[in-house]
Every structure is written in C-alpha cells, then in structure tokens.
Amino acid sequence: MSKYKVNIDPKLPSEEKMKQSMDFDKVLKTATSKKFNVYHARKKMHRKRSYIMWVMVAVAVVLSLLVTLKVI
Amino acid sequence: MGIYHKSKEEINSEKIEIERAQVNPRAFSVLYERYYREIYLFVFKRIGDSSCTDDVVSQVFIKCLSNIKKYTFKGVPFSAWLYRIASNEVNLFYRQSKKKRYVSLDTASVDRLNEEQLPGLDPYLLSGILNKLKEKEVVLLELRYFEKNSVKEVAHILGMSESNVKVSIFRLIAKMRKIVEKEGYE
C-alpha cells in the first residue's frame, strides 16, 4: 500500500481562484477576537500544566526507585 | 519562491512594514497581499485540495497576525517565518485529518534531481521511491529539490541548523541511491 498520494504535474489553481479566497477582514477579525486569544492562552497554559505534571511524575518515580533500592 | 531571493534593502523596508503591523494590525494587509499567493501555492502543493488549502492558508495568516507582536527581526526575510508557520499548519492538518500525505511532483524538478543526484530517474520511479521514505525525508526533498530552496532557506523553514540540513540531505540521497540499486531501477 502506498504511503503518499503522489501527483505528477498537478494542475495549480488559477490566479482568480486564489484571489477569490483572499479575505483579509476575516483574518483580522479572527486574529484580534477575544475568543480566539483566550482559547489559545488557555491551550498554552494547559500544555504548561501537563508538562509540569509529567516532570513531577518522573521525579516521584526516580525517588521511589531510590528508596526501593535503599540508596536514600 | 526562495527566502533569500530578496535584496537587503527590500528586507529592511519590510522591517518597517512589520513594525507598523505590530502597532496596528490593519497594516498587516500589505504583507498579507504580498505573500498570499506564495503561501497558497506552498500549501496547495502539500494538500492538493483547494477547499482544505483555503482553510489552512487562512489559519496560517491568523496565527501569523495573532503572534506578530512576538516577532523579532533578525535580518531574515519575513517570508521565512511565514513558511515555517505554513509548514507547521500543514503538519497539523495531516495529524488531525489522518489523510494520506499528498506530494506534488513536477517533471522539471525531477529532471533536476536526475541530473544532479540520481541519474536514470523519472517521475514514476521517484513516486515509487517516495513511498519508501519517511515523512521528514519527503518534506526535505520537497523543499530542497522540488521547490528549489537553498540550504539556508530550508534550515530556516524547518528550524534546523544549516549543517544539519546538509547532513540530512546527504543521507537522504544516499538512501535513495540504495533504494534504486536494491530495486534495480537502473
């Protein structure tokens, strides 16, 4: 089974088609909306929290290993 | 399409436009209009479907505009940053949609690869070889040979060092040669 869908000499979209899809106002509205920015700030915070959680788990595993092996 | 296909004056005048956009997001429209076509084609060649391309391209510019305040000018053309965001968005698209990755091959770039690195290669053989490569290797091949970017440009887009890109390309070509020899394409 092929891994990729290979297209030889694909037909590129016309200039008109590309111009039609241009919409700066929509981009501006979304990028400056409070909802968009709050969503991304929350996502970033969530990533940070899960990173801290994994670090804590790793420390706990190492400490418990050391205790089991009577190093500490 | 390259990143360094611009003069120093052009790069510096772009700096002023970026600073304006950082203060007033509406001023970003100049950069949006300048790069829309390039980014659209960059994404289209990797997705192959115009409606999905529209969505991904608008996401690229939304992310770019919402993070423009964090952008720091380092003497590198602004498009380097845009291509990096576009490349990440394409990866995100494939991760979320779980679709088969789309690769565009044009005969001219295959001929170039044929002359420079792999004699006896044609687009049909190359598509067979591509299926034996990893995703990262295909991305590297697309940027370096299908889109004719310099090593410096590829390094900026992928966030790698120049020497790392050179080594990766060297290994990739060696791997492709091995595949050709093993499969007996020549």
Side-chain angles (χ1 to χ4, degrees), chain A residues 1-69 71, chain B residues 21 24-33 36-41 43-51 53-68 94 99-110 122-124 126-135 138 142:
Chain A
M1 205 180 86
S2 59
K3 235 160 129 185
Y4 309 106
K5 196 177 167 191
V6 182
N7 198 350
I8 300 163
D9 290 326
K11 198 184 167 217
L12 297 176
S14 64
E15 294 289 328
E16 244 178 71
K17 168 84 191 63
M18 281 190 266
K19 269 186 186 165
Q20 273 172 8
S21 64
M22 268 175 93
D23 189 354
F24 179 69
D25 288 329
K26 191 182 154 196
V27 169
L28 183 71
K29 206 177 160 189
T30 316
T32 51
S33 75
K34 208 179 167 187
K35 203 176 160 188
F36 177 84
N37 290 311
V38 165
Y39 170 74
H40 282 277
R42 273 192 192 153
K43 220 171 149 186
K44 213 174 171 183
M45 184 69 89
H46 178 74
R47 225 177 291 147
K48 223 181 215 175
R49 268 188 210 151
S50 62
Y51 173 73
I52 292 168
M53 197 197 78
W54 280 113
V55 169
M56 281 166 72
V57 168
V59 169
V61 168
V62 170
L63 280 175
S64 62
L65 257 175
L66 291 175
V67 169
T68 325
L69 298 170
V71 177
Chain B
N24 174 20
R26 198 158 272 284
F28 184 74
S29 67
V30 183
L31 296 162
Y32 177 82
E33 273 161 35
Y36 189 85
R37 190 182 173 277
E38 275 183 35
I39 297 296
Y40 192 96
L41 291 175
V43 175
F44 183 83
K45 282 178 184 173
R46 283 158 178 80
I47 290 179
D49 174 73
S50 30
S51 63
T53 303
D54 288 353
D55 294 341
V56 173
V57 173
S58 63
Q59 272 305 311
V60 171
F61 283 101
I62 288 168
K63 288 218 170 138
C64 181
L65 186 55
S66 62
N67 290 302
I68 193 120
Y94 280 112
K99 279 185 182 174
K100 234 185 224 182
R101 205 176 180 103
Y102 178 90
V103 183
S104 311
L105 284 182
D106 68 289
T107 331
S109 16
V110 179
D122 69 49
Y124 296 96
L126 184 60
S127 57
I129 296 169
L130 284 179
N131 282 311
K132 292 187 171 63
L133 300 179
K134 289 177 192 158
E135 218 170 285
V138 174
E142 276 177 329

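Treat the numbers as computed from the prediction; the structure is a model and nothing was measured. Every chain is numbered from 1, with letters handed out A, B, ... down the list of sequences.
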Interatomic distance, Asn131(B) atom CG to Lys5(A) atom NZ [nearest 0.5 angstrom]: 13.0 Å
Inter-residue atom distance Asp25(A).CG - Ser29(B).OG, 0.5 Å rounding: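 Between atom CG of Asp25(A) and atom OG of Ser29(B) there are 9.0 Å.
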Heavy atoms from other residues, nucleotides or ligands near CE of Met53(A) exceed 12 (cutoff 6.0 Å):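 Result for CE/Met53(A): enclosed.
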Between Thr30(A), Thr32(A), Leu28(A), the one whose heavy-atom pairs under 4.5 Å with chain B are most numerous: Leu28(A)
Residues Ser127(B) and Tyr4(A): side-chain donor-acceptor under 3.5 angstrom: no
Between Ser104(B) and Asn7(A): side-chain donor-acceptor atoms closer than 3.5 Å: no
Contacting moiety of [X], where chain A heavy atoms sit under 4.5 Å:
| X | result |
| --- | --- |
| Lys45(B) | side chain |
| Phe61(B) | both |
| Tyr102(B) | both |
| Val138(B) | side chain |

Glu135(B)/Lys3(A) ion pair, N-O < 4.0 Å: no
Side-chain ion pair, Asp54(B) and Lys17(A), N-O less than 4.0 Å: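 Salt bridge present between Asp54(B) and Lys17(A).
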Can you confirm whether [X] sits close enough to [Y] that some side-chain heavy atom of one is under 4.5 Å from a side-chain heavy atom of the other?
| X | Y | answer |
| --- | --- | --- |
| Ile62(B) | Lys26(A) | no |
| Val6(A) | Leu105(B) | yes |
| Arg37(B) | Met22(A) | no |
| Phe28(B) | Phe24(A) | yes |
| Met18(A) | Thr53(B) | no |

Asp23(A) backbone acceptor or donor facing Tyr32(B) side chain under 3.5 Å: yes
